[in-house]
Amino acid sequence: MSLTFDGRVVLVTGAGGGLGKEYALAFAERGASVVVNDLGADTKGGGKSSAAADKVVDQIKAKGGKAVANYDSVEDGEKLVQAALDAFGRIDIVVNNAGILRDRSFVRTSDLDWDLIHRVHLRGSFLVTRAAWNHMKNQKFGRIIMTASAAGIYGNFGQANYSAAKLGLLGLSNTLAIEGRKYNIHCNTIAPVAGSRLTETVMPPDLVAALKPEYVAPTVLWLCHEQCQESGGLFEVGAGWIGKLRWERSKGCITRKKNRPVTPEAVRDQWDKVCDFTDSVKPTSVQESLQSIVSVLSKVESGEDLAGGPTSAPAPSSTSGINPTAAVGQKLPPTTFSFSHTQCILYALGVGMSTKEPDHLRFLYEGHPDFGCLPTFGVIPSQAAMMDGGLSSLPGLNIDFTQVLHGEQYLELYKPLPTSGQVTSEATVADVVDKGSGAVILLDVNTYSGDELLCFNQFSVFVVGAGGFGGKRTSEKAKPLAPPPRRAPDVVLVDSTTPDQAALYRLSGDWNPLHIDPGFAAMGGFQAPILHGLCSFGFAARHVLKRFAGNDPSRFKAIKVRFVKPVMPGQSLQTEMWKEGSRVHIQCKVKETGAVALSGAYVDLHETAERPERLPQAEGGLGSELVFDEIGRRIRESGGELVKKVNAVFGWEITKDGENVAEWTIDLKSGSGALHRGAYGGKADVTFTASDEDFMEVVQGKLNPQKAFFSGKLKIRGNVMLAQKLEVILKDHARL
Ligand code: NAI
């Protein structure tokens with residue numbers, strides 16, 4: 001989906017030319033209302049003119065965009081933000097871009113050269129951002145860009161004033177990223193390279209022309225979009241290339257011994273080690289930096305590892321707050337969970353069961369002769385340990401809980417769950433994996449009833465931004481995902497969630513406000529509260545249980561899913577299923593958008609003694625169900641051959657007492673053929689309508705299809721000639 005800024009109000013400073021102009025045009029083109037600020041000064045900060053900003057505003061308006069001009073200096077920060085409020089009623093995004101140059105060699109730099117540069121770049125960005133801050137905080141959304149420069153990062157001859165101010169902006173941005181985090185205010189810094197009037201004095205004309213500002217603007221737009229979770233980053237951007245920068249610190253060297261002074265000679269003698277980047281670390285916070293320095297005190301005291309740096313292990317702990325060596329094997333305090341049939345029923349309602357479906361009653365009514373607990377209820381007792389943030393209290397897991405996502409889930413049952421009782425769960429950190437962009441914590445949870453092991457859960461918890469600690473990229477402890485076979489699904493079930501699905505599901509114990517509180521959801525970058533991943537998981541699991549296990553919980557063995565995209569309450573879930581032996585592969589999509597919500601997923605079933613792939617009882621008592629089940633099996637066995645012979649898509653509408661009760665699509669045209677429940681894609685070449693009884697008569701050879709057609713018992717729409725081919729398939733199944 002393309003990134004738009006509809007409803008967002010953007011203030012770009014220094015937008016009368018160069019990079020700022022490009023940002024303003026790009027934001028406006030994607031729906032934002034833009035305040036085009038420019039003092040209209042010359043490159044050294046002298047003069048003033050409204051023409052520059054006006055031209056950009058005219059250009060935006062000529063394309064049908066929304067913009068107003070503002071001619072104040074960034075030193076009047078409040079006025080710039082007021083212009084946004086006056087014109088558009090809010091301020092969402094601030095791009096601090098205005099800039100001037102006063103290049104001089106260091107000794108010739110005057111007070112004025114120093115002060116002017118600092119006033120425009122550093123103080124100007126401070127004043128504009130401070131004026132916008134409370135508005136962003138109150139609306140729990142804000143995106144801020146600071147503009148640094150390679151001169152600040154690396155130093156540049158003749159730019160002492162400019163370099164100092166530019167790197168000052170990075171320090172400002174780092175702190176704003178921390179202070180803004182809980183209000184969904186993100187702040188990032190760019191060091192751009194583009195041809196403009198500022199660079200035309202230092203770059204050859206060809207390069208000025210080639211390095212277009214439009215190659216930089218898309219990065220600024222992405223960093224300012226609500227979907228972008230980056231904050232506190234520093235990026236070099238130019239020519240369409242973007243690179244991220246971070247701090248790297250050598251392992252270093254302790255030059256002190258217990259009860260001895262540090263001497264300059266000791267420092268000199270260890271200097272090579274101090275500057276050796278082998279086994280370097282990449283600290284990301286003051287806490288990490290301080291922690292590792294404080295650890296030196298105890299090391300010196302104990303006389304340990306004096307040749308090493310503050311941390312004895314190479315990379316682990318100091319990069320991301322994660323230290324696998326310390327974390328793996330740690331246990332959370334055991335939790336107990338008591339439940340009665342009330343919790344089982346509430347859970348079943350939470351995952352969409354309804355009294356509208358007669359076969360759901362066995363999970364909704366404690367008086368039902370087969371009353372049972374849905375197998376996926378097994379995640380509920382085990383998640384209590386996760387809920388109170390216990391994970392972050394473990395050694396080696398210094399993580400930010402606002403950055404935690406539920407990545408994958410595995411559940412295995414060792415016996416059907418009871419409908420009441422007290423169970424105990426014990427959680428252990430099985431492994432920690434470094435995915436670069438984040439860390440994956442595998443948490444294994446065993447749930448016992450007394451001494452008996454009832455079920456096992458593996459939570460894969462993804463911590464955004466906590467990667468890069470030099471850990472392994474995969475774990476043999478992770479329960480694997482499995483992609484579905486490369487053929488159309490055997491069965492597709494569509495089920496709608498209600499607008500209150502998340503409100504209902506959370507009553508089973510997942511109280512995360514992300515699923516109910518719009519303000520909290522906005523902080524996470526969502527338009528509205530999202531459905532729990534484990535709720536979609538519950539939907540998908542019961543779809544499999546219904547279609548392939550006759551709703552019998554004792555047939556359920558295990559389930560694994562990966563949570564890919566969020567589902568909004570009220571959307572419909574489309575579960576596609578492929579049966580392969582005792583495994584049913586699943587892919588769950590949001591029907592309205594086609595987005596995949598669960599992937600790589602499967603349910604493992606216990607086989608029954610007699611033909612497991614046939615429904616133990618035909619749904620709604622339709623004889624035709626069993627026939628289609630058998631046709632589906634045949635297609636799976638020898639679909640390729642049938643496709644060659646038949647090359648057509650057949651639709652079937654089955655009626656009972658004059659009402660349409662089931663639809664099927666037999667696709668013998670594409671791939672190796674498939675059977676779908678429902679009018680799949682509506683692309684049948686020919687569609688048959690018959691009552692369940694007449695269909696059975698035809699299939700069993702008791703009623704001749706031609707006769708059925710002429711007597712009106714079998715209706716045919718579409719390519720009637722194809723009816724003869726259908727007879728081939730049905731005849732092939734004479735044993736029906
Ligand atoms: P530019 O000179 O084309 O644009 C800067 C704009 O800021 C001008 O339109 C100017 O009138 C305006 N401005 C100056 N003082 C102002 C004030 N007090 N209040 C409001 N507006 C004011 O330059 P360019 O290249 O587009 O630079 C944009 C930003 O990017 C600057 O902060 C610059 O330091 C930075 N930068 C640019 C690089 C490049 O390669 N172009 C390299 C590194 C940093």
> So, Lys669 and Asp685, do they make that salt bridge, N to O below 4.0 Å?
Replying inline: yes

> Can Glu580 and Arg636 be counted as an ion pair, charged N to O under 4.0 angstrom?
Replying inline: no

> Rounded to the nearest 0.5 Å, how far apart are CG of Asn457 and OG of Ser425?
Replying inline: 7.5 Å

> Is Glu357 salt-bridged to Arg542, going by a charged N under 4.0 Å from an acidic O?
Replying inline: no

> Checking side-chain hydrogen bond (donor to acceptor under 3.5 Å, both in side chains) for the pair Ser572/Glu592: CA distance, chi angles, key distance, verdict?
Replying inline: CA-CA 7 Å; Ser572 301; Glu592 290 78 2; 3.1 Å; yes

> Under the 3.5 angstrom rule, does the side chain of Asp434 hit a backbone N or O of Phe469 as a donor-acceptor pair?
Replying inline: yes

> Only one of Tyr505, Phe339, Phe363 clears ring pair (Phe, Tyr, Trp, His ring centres under 6.0 Å) with Phe377; which?
Replying inline: Phe339

>> Just by distance, no angles: are the side chains of Ser231 and His186 close enough, under 3.5 Å, to form a donor-acceptor pair?
In response: no

> How close do Leu454 and Ser449 get, heavy atom to heavy atom, and via which atoms?
Replying inline: CD2-CB, 4.1 Å

> Between the main-chain N or O of Glu230 and the side-chain N or O of Asn188, is there a donor-acceptor pair closer than 3.5 Å?
Replying inline: yes

> Any Lys/Arg nitrogen of Lys644 or Glu641 sitting under 4.0 Å from an Asp/Glu carboxylate oxygen of the other?
Replying inline: no

> Under 3.5 Å, is there a donor-acceptor pair linking the side chains of Thr498 and Asp500?
Replying inline: no

>> Using a 3.5 Å distance criterion without hydrogens, assess whether the side chain of Lys415 forms a donor-acceptor pair with backbone atoms of Leu417.
In response: no

> Does the distance from a Lys or Arg side-chain N to an Asp or Glu carboxylate O, for Arg143 and Glu226, drop under 4.0 Å?
Replying inline: no

> Without hydrogens or angle criteria, can the side chains of Asp667 and His676 be said to hold a donor-acceptor pair below 3.5 Å?
Replying inline: no

>> Within this structure, what is the CD-CZ distance for the pair Glu408 and Phe462, rounded to the nearest 0.5 Å?
In response: 10.5 Å

> Salt-bridged, Glu576 to Lys589, with N to O below 4.0 Å?
Replying inline: yes

>> Do the side chains of Asp604 and Arg583 get close enough for a salt bridge, i.e. N-O under 4.0 angstrom?
In response: yes

> When you measure from the centre of the six-membered ring of Phe5, is the NZ or CZ of Arg30 under 6.0 Å away and within 45° of the axis?
Replying inline: no

> Within a radius of less than 6.0 Å around NZ of Lys472, do more than 12 heavy atoms belonging to other residues, nucleotides or ligands occur?
Replying inline: yes

> Which class fits the ring pair Trp664 and Phe628: parallel under 30°, tilted 30 to 60°, perpendicular over 60°?
Replying inline: parallel

> Once the angle between the rings of Trp222 and His225 is folded into 0 to 90°, is it parallel (under 30°), tilted (30 to 60°) or perpendicular (over 60°)?
Replying inline: parallel

>> Quick check: closest heavy atoms across Pro569 and Gln501, and the distance to 0.1 Å?
In response: CB-N, 4.5 Å

>> Run the side-chain hydrogen bond (donor to acceptor under 3.5 Å, both in side chains) test on Gln458 and Asp444 for me, step by step, so that the C-alpha distance in whole Å, both residues' side-chain angles and the decisive distance to 0.1 Å come before the verdict.
In response: CA-CA 5 Å; Gln458 185 176 74; Asp444 283 356; 2.9 Å; yes

> What's the verdict on side-chain hydrogen bond (donor to acceptor under 3.5 Å, both in side chains) for Thr424 and Thr336, showing C-alpha distance, side-chain angles and the deciding distance?
Replying inline: CA-CA 4 Å; Thr424 309; Thr336 53; 6.0 Å; no

